[in-house]
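All heavy atoms count here, side chains included; hydrogens, waters and symmetry mates do not. Source: prediction; values computed, not measured. Every chain is numbered from 1 and lettered A, B, ... according to where its sequence line falls, protein lines coming before strand lines.
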Protein chains: 2
Amino acid sequence: MTDEVRWLSEDEQRSWRAFLRGHRMLAEALDEALLVHGIRLSEYEILSMLSEAAGGRLRMSVLADMVVQSRSRLTHTATRLERLGWVERHSCLEDRRGVELVLTDAGREALENLSRVHVTSVRESLVDQMTPEEFAVLGQAMAKVVAALGGGTER
Amino acid sequence: MTDEVRWLSEDEQRSWRAFLRGHRMLAEALDEALLVHGIRLSEYEILSMLSEAAGGRLRMSVLADMVVQSRSRLTHTATRLERLGWVERHSCLEDRRGVELVLTDAGREALENLSRVHVTSVRESLVDQMTPEEFAVLGQAMAKVVAALGGGTER
DNA sequence: GGAATGTATTTGAACTTTAAACAGTTGCCG
DNA sequence: CGGCAACTGTTTAAAGTTCAAATACATTCC
């Protein structure tokens with residue numbers, strides 16, 4: 001009753017480790033690039049999602065799902081961004097339980113600069129380190145992971 | 001002086017997002033699987049590296065580099081693992097600044113079970129979601145990232 | 001209509017991570 | 001030797017994250 005485990009082959013192990021290690025280093029690099037400008041990747045993502053949403057606004061829970069953060073975490077982070085003046089909370093009129101987070105003009109302006117910094121580091125650290133084909137495969141493979149782990153709006 | 005940014009193409013953007021999102025979800029899934037057993041991935045990695053090292057022991061700074069964690073973080077985490085009785089600190093005789101972290105018998109035993117749990121979830125959530133070819137490309141691509149970001153012992 | 005149940009967000013305490021400062025050690029160079 | 005720069009690991013305090021409970025509104029079903 002104790003066995004049945006399918007261990008990883010040598011190659012699989014090597015790939016898995018590279019993935020883990022690579023992601024950690026990448027996350028570090030991306031955070032560092034943004035941190036100079038007073039923000040970190042997880043916060044940047046929030047602003048970025050808001051900027052692409054209609055009206056620059058999204059409901060807390062929808063946003064939480066998009067960036068794969070717990071609702072509680074988003075609450076705290078939103079408070080921080082609010083203090084920076086980049087975001088505002090508006091309670092929904094339709095569903096009065098809900099709260100919408102809205103990107104302010106200042107937030108949009110900040111984002112414009114941040115996105116330059118961010119894209120540049122994503123390129124340098126990730127995209128430009130591999131062939132376009134490799135990057136495409138990587139994206140396609142990870143999309144499968146997303147789908148498998150409940151890519152929808154579940155949590 | 002403000003332009004010069006090479007934005008991501010539609011496809012690149014899609015891949016990048018899948019990567020981010022996929023990794024987050026994966027990390028969540030892996031943590032969850034281990035958390036049932038009272039530990040998280042970042043701690044598991046430490047035990048795992050120790051178990052593979054000669055004598056089940058490694059110096060703090062070497063280990064910190066291997067798992068891509070700050071020294072400070074490792075210090076705290078090691079204290080936690082020490083309290084669980086899975087690890088012990090021994091100061092090096094050669095270099096008296098140094099400290100070696102040693103896997104205890106209890107730690108090795110715990111690891112045996114944990115590794116089953118872990119491998120199973122890595123397979124389910126990642127490896128088995130894609131073709132072997134895709135996984136190989138992913139590993140190879142991420143290895144390049146590691147190399148680019150200073151795969152050595154730098155930090 | 002109102003009790004029971006469900007959903008959305010917040011709160012606050014416990015815990016983890018980060019950043020900066022510290023204390024001991026080593027090693028080199030004059 | 002003497003001192004200074006560089007290194008290792010720990011400490012501390014602040015910042016961020018998690019977890020569980022609280023709050024507030026919505027919905028359902030008698």
Side-chain angles (χ1 to χ4, degrees), chain A residues 24-25 27-36 38-46 50 57-84 87-102 152-155, chain B residues 24-25 27-36 38-46 50 57-84 87-102 152-155:
Chain A
R24 292 259 164 88
M25 298 180 110
E28 213 173 52
L30 298 183
D31 261 354
E32 201 175 313
L34 286 172
L35 218 44
V36 177
I39 209 177
R40 49 193 67 209
L41 181 55
S42 60
E43 295 163 331
Y44 173 83
E45 285 183 84
I46 290 171
L50 284 178
R57 57 179 58 221
L58 283 171
R59 279 192 61 166
M60 293 294 278
S61 47
V62 173
L63 183 51
D65 286 345
M66 295 177 85
V67 298
V68 195
Q69 292 187 15
S70 72
R71 281 143 200 248
S72 177
R73 179 177 178 182
L74 179 57
T75 291
H76 291 297
T77 307
T79 305
R80 237 176 292 143
L81 293 174
E82 213 174 12
R83 276 201 289 264
L84 286 172
V87 122
E88 272 172 9
R89 266 182 243 250
H90 290 304
S91 47
C92 313
L93 300 172
E94 326 89 66
D95 181 347
R96 316 216 301 125
R97 290 169 302 186
V99 170
E100 279 187 335
L101 209 60
V102 188
T153 307
E154 301 148 54
R155 250 215 137 196
Chain B
R24 292 260 164 88
M25 298 180 109
E28 212 172 51
L30 299 182
D31 261 354
E32 201 175 314
L34 287 173
L35 218 44
V36 175
I39 210 177
R40 49 193 70 205
L41 182 55
S42 60
E43 294 162 334
Y44 173 84
E45 285 182 84
I46 291 171
L50 284 177
R57 58 179 57 220
L58 283 171
R59 279 192 60 165
M60 293 293 276
S61 48
V62 173
L63 183 51
D65 286 344
M66 293 177 87
V67 299
V68 195
Q69 292 187 17
S70 70
R71 281 147 197 240
S72 175
R73 181 177 178 182
L74 180 57
T75 291
H76 290 299
T77 308
T79 304
R80 242 176 288 143
L81 292 175
E82 213 175 12
R83 276 202 289 265
L84 285 172
V87 122
E88 273 171 7
R89 266 181 242 252
H90 290 305
S91 47
C92 311
L93 300 172
E94 327 89 66
D95 182 347
R96 315 212 306 118
R97 288 169 303 185
V99 170
E100 278 187 337
L101 210 59
V102 188
T153 309
E154 301 149 52
R155 232 190 158 219

Can you measure [X] atom [atom1] to [N] atom [atom2] for me and round it to whole angstrom units?
{"X": "B:M60", "N": "C:dG24", "atom1": "CE", "atom2": "P", "result": "18 Å"}
{"X": "B:L93", "N": "C:dT26", "atom1": "CG", "atom2": "C1'", "result": "16 Å"}
{"X": "A:Q69", "N": "C:dA8", "atom1": "CD", "atom2": "P", "result": "18 Å"}
{"X": "B:D65", "N": "D:dT8", "atom1": "CG", "atom2": "P", "result": "9 Å"}
{"X": "B:H90", "N": "D:dG9", "atom1": "NE2", "atom2": "P", "result": "15 Å"}
{"X": "A:D95", "N": "C:dG6", "atom1": "CG", "atom2": "P", "result": "17 Å"}
{"X": "A:E45", "N": "D:dT17", "atom1": "CD", "atom2": "C1'", "result": "15 Å"}
{"X": "A:L81", "N": "D:dG16", "atom1": "CG", "atom2": "P", "result": "10 Å"}

Would you say [N] has OP1 or OP2 under 4.0 Å from some side-chain N or O of [X]?
{"X": "A:T75", "N": "C:dT10", "result": "yes"}
{"X": "A:R71", "N": "C:dT10", "result": "no"}
{"X": "A:R73", "N": "D:dA15", "result": "no"}
{"X": "B:R80", "N": "C:dT16", "result": "yes"}
{"X": "B:R97", "N": "D:dG9", "result": "no"}
{"X": "B:S61", "N": "D:dG9", "result": "yes"}

By nearest atom, which of the nucleotides [options] is closest to the [X] side chain?
{"X": "B:R89", "options": "D:dT17, D:dC19, D:dT10", "value": "D:dT10"}
{"X": "A:H76", "options": "C:dT11, C:dA8, C:dA19", "value": "C:dT11"}
{"X": "B:S42", "options": "C:dT17, C:dT26, D:dT17", "value": "C:dT17"}
{"X": "B:R96", "options": "C:dT10, C:dT25, C:dA19", "value": "C:dT25"}

- Under-3.5 Å donor-acceptor pair between A:S72 side chain and C:dT11 base: yes
- Query: Any salt bridge between B:E94 and B:R59, counting N to O under 4.0 Å?
  - Reply: no
Name the nucleic acid region contacted by [X], choosing base, sugar-phosphate or nothing; use a 4.0 angstrom heavy-atom cut-off, strictly under.
{"X": "A:L101", "result": "nothing"}
{"X": "B:T79", "result": "nothing"}
{"X": "B:E100", "result": "nothing"}

Look up atom [atom1] in [X] and atom [atom2] in [Y], then write down how far apart they are to the nearest 0.5 Å.
{"X": "B:S91", "Y": "B:M60", "atom1": "OG", "atom2": "CE", "result": "12.0 Å"}
{"X": "B:L74", "Y": "B:T79", "atom1": "CG", "atom2": "OG1", "result": "9.0 Å"}
{"X": "A:R89", "Y": "A:T75", "atom1": "CZ", "atom2": "OG1", "result": "6.0 Å"}
{"X": "A:E43", "Y": "A:I46", "atom1": "CD", "atom2": "CD1", "result": "7.0 Å"}
{"X": "B:R57", "Y": "B:C92", "atom1": "CZ", "atom2": "SG", "result": "8.5 Å"}

- Message: On DNA chain D, compare the nucleotides closest to A:R40 and B:R59; which residue's is nearer the 5' end?
- Response: B:R59
- Residue pair A:C92/A:L35 against DNA chain C: nearer the 5' end by closest nucleotide is A:C92
